[in-house]
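We use all heavy atoms of the structure for the numbers below, so side chains are in, but hydrogens, waters and symmetry mates are not. Here is how names work: the chains are called A, B, and so on, in the same order as the sequence lines, proteins then strands, and each is numbered from 1.
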There are 2 protein chains.
Amino acid sequence: MISSTNKFEQLSDEKQSRIVNASISEFSEKDYESASMNSVVSQAKISKGSLFNYFKTKNILYNHIYKLALGEVKDYLRKVRDETANLPFNERLSEIVDSGVKFITEHPRLARIYFRLVYSGDSPNRKKIVKELQSMSEDYLGNIMQDAMDRNELDPKLDKTQSVFFLDAVLNRFLKEYHETLSKGKQLDRDNWVNSITELFSKGFK
Amino acid sequence: MISSTNKFEQLSDEKQSRIVNASISEFSEKDYESASMNSVVSQAKISKGSLFNYFKTKNILYNHIYKLALGEVKDYLRKVRDETANLPFNERLSEIVDSGVKFITEHPRLARIYFRLVYSGDSPNRKKIVKELQSMSEDYLGNIMQDAMDRNELDPKLDKTQSVFFLDAVLNRFLKEYHETLSKGKQLDRDNWVNSITELFSKGFK
DNA sequence: TCCTAAATTGACCACCCGGTCAATATTGAT
DNA sequence: ATCAATATTGACCGGGTGGTCAATTTAGGA
């Protein structure tokens, strides 16, 4: 039962990270279709034959990179969820947004791959992956909403699926915007935005 | 001062629509980079030389199609804005969502081009176009919010830019979801969702 | 030091791309 | 019917793609 990345995993750490690094750059800068194995190869300073020896196809390389990115996102989310378990909903929400902002700042290229995946049209298993992400988000935000509902902080008659959908929509869109302004060198007033987001969900526009 | 699409506009309506139709299909199914002029040509049943005679480059053809799609979206929005000018905010919001749903149902391929443009990474003048769309949306939703604030239906202390951003985020994401379930053959409970959206903005999760 | 097995290389393949342009077909005025 | 102007065609170009594989380099045990 040997994984298909076996050959890759047996390389030196240094070479592995050169390849991963080059792949992240390529997939974060271009759509899946436009990303070029030749470009990865030349950035990583290995030969084409080697790359295809480590990863049989572009698809397999992409999956490796995407799982890596997603793994990092999950770690972040898990951490903030656990660390804020006892905070009230509003503060918890605020911490989640904050940790998203932090992730984007620390891993802009991974964030780019994530947004490209979620919002863009191509990439081979996009539908499956997006479904997976969606259920992950539903699970994650759903738990946090449930906690708040159990504590009577939120209306218990809320439709959880829909509420989670709205939360997810606003959070994702904000983080996407933050990511884009960041890569333009601008800066949003983070605290102000975080505040507005929690206000929106706590009392609407009234 | 002759437009660059001059040659195209002088074609018979039948041929024009064959070409437009083929182009819409191609650009709605594939990213800009992946969309193929060869494919457009064979769908439209004209020769490659002709297509490049009517539109000098792929870029120019894309712009023609995108402007066409955007024009249709604008018509819809303008219409619903004018027809609902006297309704209270909640009902107006509901009508806007409805008209979005209607547009998607009647023009699924144009909707696809729109979403691809807004959410996807490539296409040549994406940044300029998205900026244009953003200011259009800000203008559009901003006006509608302003009307509501003038009538004291909404908190006048709201930050309009941020509120419009949230509105836009939720509406777009919902319509995107609707579009995707539609193309999967499923159906969302439209009335229920419209209702939840207006509730979210009128009183949050409380 | 030698030899073999494994790792690495890059020239090469078939295919597709956007775009060109000489050759051909069509049109319409005389 | 003729012929010049115009519209249309598709073979062709240079270049890039994902992927292959014979040839070469490297590594390490005897």
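The pair Glu26(B)-Lys30(B) counts as a salt bridge, with a side-chain nitrogen and a carboxylate oxygen less than 4.0 angstrom apart. For Lys128(A) and Glu132(A), the salt-bridge test fails: no basic side-chain N is under 4.0 Å from an acidic carboxylate O.
Note: CZ (Phe52(A)) to P (dT17(D)) measures 11 Å, nearest angstrom. The distance from atom CG of Leu11(B) to atom P of dT27(C) is 13 Å, rounded to the nearest whole Å. Distance, Asn53(B) CG to dG10(D) P: 15 Å, rounded to whole Å. Look at OH on Tyr54(A): it is 9 Å from P on dA7(C), rounded to the nearest Å. Here the P atom of nucleotide dA7(C) and the CD1 atom of Ile46(A) are 14 Å apart, to the nearest Å. As rounded to whole Å, 21 Å separates atom P of dC12(C) from atom CE of Met37(A). Here dG18(D) presents its P atom at 8 Å from OH of Tyr32(A), a figure rounded to the nearest Å. Between the CG atom of Asp31(B) and the P atom of dC16(C) there is a distance of 19 Å, given to the nearest Å.
Taking only side-chain atoms of Ser47(B), from C-beta outward, the nucleotide of dG18(D), dT9(D), dT8(C) with the closest atom is dT9(D). Side-chain atoms of Thr57(A) lie closest to dG19(D) of the nucleotides dG19(D), dT8(D), dA11(D). Side-chain proximity of Asn38(A) to the nucleotides dT8(C), dG19(D), dT17(D) is greatest for dT17(D).
Checked by distance alone, Lys58(B) brings no side-chain donor or acceptor within 3.5 Å of a matching partner on the base of dG19(C). Looking at Lys56(A), its side chain has no donor and acceptor atom pair within 3.5 Å of the base of dG19(D).
Distances shown here put every side-chain N or O of Ser36(B) at or beyond 4.0 Å from the OP1 or OP2 atom of dC16(C). Residue Lys48(B) places none of its side-chain N or O atoms closer than 4.0 Å to OP1 or OP2 of dA11(D). When the side-chain nitrogen and oxygen atoms of Ser50(A) are compared with OP1 and OP2 of dT9(C), one or more of them lie within a distance under 4.0 Å.
Without hydrogens or angle criteria, Gln16(A) side chain to Phe8(A) main chain gives a donor-acceptor distance under 3.5 Å. Between the Tyr140(A) side chain and the Leu77(A) main chain, a donor and an acceptor come within less than 3.5 Å of each other.
Taking the six-membered ring wherever Trp is involved, the centroid distance between the rings of Phe165(B) and Trp193(A) falls below 6.0 Å.
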